[in-house]
Amino acid sequence: MSDTVENAEGGQLAYAPYKNGISIKRYRGIAAKVRIPEYIDEKPVIAIERKAFLSCKTIKEIELPDTIEELGDWAFAHADQLRTITIPNRALTRGKELFLGCVRLKEISVRTLDELNSLGLGRMLAMAVTVLHDYFLFEPLEIGDDAWLNRWDTKLLDLIGLDDLDGFEELWTCGEEDYEGKDYDIKSYPVEKRKMKLRIVYFRLLHPYKLKTETVCVLKEYLKASSEAWDIIIEEHADDLEYYKLFADAGGITEENFDIFLTDLANGSAEIKAFLLKYKDEHLKAADAFSAFELDW
């Protein structure tokens with residue numbers, strides 16, 4: 001028996017009656033953006049079934065209606081182009097690994113929480129399920145609460161405390177050492193792992209909503225101690241002055257590395273070069289001036 005279908009952007013939604021409403025069984029199509037309707041056949045759409053969007057390769061954005069109550073196992077798993085998803089601001093019954101393999105997911109936006117989303121909470125929620133791997137944080141009604149933020153920050157500290165080869169042995173024992181690419185090379189793997197950690201550290205420091213002072217100190221020390229922290233800026237945020245300011249504030253710019261950094265910015269903007277030169281004048285040369293008064297005993 002064929003599924004009952006509802007036309008949707010670039011395809012169709014297969015659906016079925018469920019409890020007092022409708023469940024979405026599967027999306028078939030090639031759209032980049034899919035909006036799930038609130039009602040089908042005059043009944044509320046209350047559930048997304050397991051694997052409903054599994055391996056949908058074209059979808060970049062999904063919008064769920066306020067009527068949604070349940071999300072099934074692997075509902076959006078391996079939708080590897082998915083960037084953003086909007087969810088209702090209500091308690092949701094969730095299945096396992098909703099976003100497994102959604103490597104490009106950047107934001108889970110909670111409807112009606114625009115202020116919190118603007119503070120980076122939507123990004124933090126996406127990181128919670130894709131990088132920190134903690135679905136206990138997938139609680140729309142708790143996002144932004146002190147307990148929620150404390151748990152998120154604790155998970156981040158746990159992450160940066162992990163050995164940079166953590167997880168590599170699992171790849172090896174699964175036979176994935178035969179794969180090509182830096183993710184599977186024993187020399188490149190820890191470098192990429194540190195870069196992944198640094199991206200989250202930069203993000204959290206740039207979005208310090210209710211961030212505790214002691215956590216700030218730990219995150220800045222991690223930046224200062226990581227040689228890849230500068231590489232992340234040059235490779236991914238070369239024109240964003242806020243990253244340079246944060247790196248400098250963490251103590252990452254020193255007399256020893258200043259000239260190297262300035263050379264790296266040979267083709268950089270005048271504004272960023274001016275910032276570095278001003279930083280040297282105000283911080284590094286001052287240190288040299290004081291050292292001139294030291295006596296050689």
Side-chain angles (χ1 to χ4, degrees), residues 10 26-27 29-34 48 50-64 71-87 94-110 117 120-138 143 152 155-156 158-160 162-204 206-207 226 228-229 231-233 235-237:
R26 181 70 176 164
Y27 170 77
I30 57 171
K33 179 179 179 179
V34 176
I48 306 295
R50 67 197 307 267
K51 301 182 180 181
F53 289 87
L54 178 69
S55 297
C56 289
K57 301 299 184 184
T58 62
I59 298 177
K60 296 181 180 180
E61 182 178 348
I62 297 174
E63 184 176 345
L64 302 182
L71 302 174
D73 299 342
W74 309 291
F76 311 101
H78 299 294
D80 55 18
Q81 295 301 316
L82 183 62
R83 266 72 165 180
T84 64
I85 181 168
T86 301
I87 63 175
R94 65 179 183 276
K96 296 180 291 187
E97 296 289 356
L98 299 177
F99 302 102
L100 179 67
C102 294
V103 294
R104 292 179 175 83
L105 183 62
K106 297 298 182 185
E107 183 170 16
I108 300 177
S109 177
V110 181
N117 290 329
L121 274 294
R123 290 281 305 276
M124 291 177 71
L125 183 54
M127 291 178 186
V129 297
T130 58
V131 182
L132 303 180
H133 304 294
D134 187 355
Y135 276 89
F136 286 106
L137 289 167
F138 191 76
I143 294 171
W152 199 98
K155 288 292 181 178
L156 173 55
D158 290 344
L159 176 67
I160 65 175
L162 285 176
D163 188 285
D164 292 326
L165 279 172
D166 180 72
F168 184 78
E169 184 178 354
E170 182 178 349
L171 295 180
W172 187 266
T173 56
C174 289
E176 297 181 11
E177 74 281 2
D178 294 328
Y179 292 177
E180 295 182 356
K182 56 192 175 184
D183 291 341
Y184 304 101
D185 178 82
I186 196 168
K187 293 182 179 179
S188 299
Y189 182 90
V191 174
E192 295 306 310
K193 197 69 173 283
R194 284 193 293 276
K195 286 184 176 181
M196 178 271 289
K197 296 176 183 179
L198 286 163
R199 291 182 187 103
I200 307 177
V201 169
Y202 272 123
F203 172 84
R204 187 65 176 114
L206 288 168
H207 297 81
S226 302
E228 290 83 9
D231 297 335
I232 286 286
I233 297 178
E235 294 168 5
E236 302 175 15
H237 304 282

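If you read the sequence from its start, that first residue is 1, and numbering goes on from there.
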Walk me through whether I59 and F53 qualify under side-chain contact (heavy atoms from CB on, under 4.5 Å).
CA-CA 9 Å; I59 298 177; F53 289 87; 3.6 Å; yes
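Counting heavy atoms from C-beta on, the side chains of M196 and L159 come closer than 4.5 Å. Proximity of Y135 to F99: side-chain heavy atoms (C-beta onward) are separated by under 4.5 Å at one or more points. For the pair H133/K155, no side-chain contact is recorded, criterion being any heavy-atom separation below 4.5 Å from C-beta on. At a threshold of 4.5 Å between non-hydrogen side-chain atoms, the residues L71 and F138 count as touching. Side-chain atoms of I48 and L64, non-hydrogen and from C-beta on, do get closer than 4.5 Å to each other.
Around CZ of F203, the count of heavy atoms belonging to other residues, nucleotides or ligands within 6.0 Å exceeds 12. Atom CD1 of I30 is surrounded by 12 or fewer heavy atoms from other residues, nucleotides or ligands within 6.0 Å. Shown here is K57, whose NZ atom has more than 12 heavy atoms of other residues, nucleotides or ligands within 6.0 Å.
Legend: residues meeting side-chain hydrogen bond (donor to acceptor under 3.5 Å, both in side chains) with R104, ordered by chain and number and at least two apart, are absent.
Here the side chain of W152 pairs no donor or acceptor atom with the backbone of L137 at under 3.5 angstrom. Listed for the Y202 side chain is no donor-acceptor partner under 3.5 Å among the backbone atoms of K197.
Between E61 atom CD and R83 atom CZ the span is 11.5 Å, to the nearest 0.5 Å. To the nearest 0.5 Å, the span separating CZ on R26 from NZ on K51 amounts to 9.5 Å.
For the pair K195 and E236, the salt-bridge criterion is not met [side-chain N within less than 4.0 Å of a carboxylate O].
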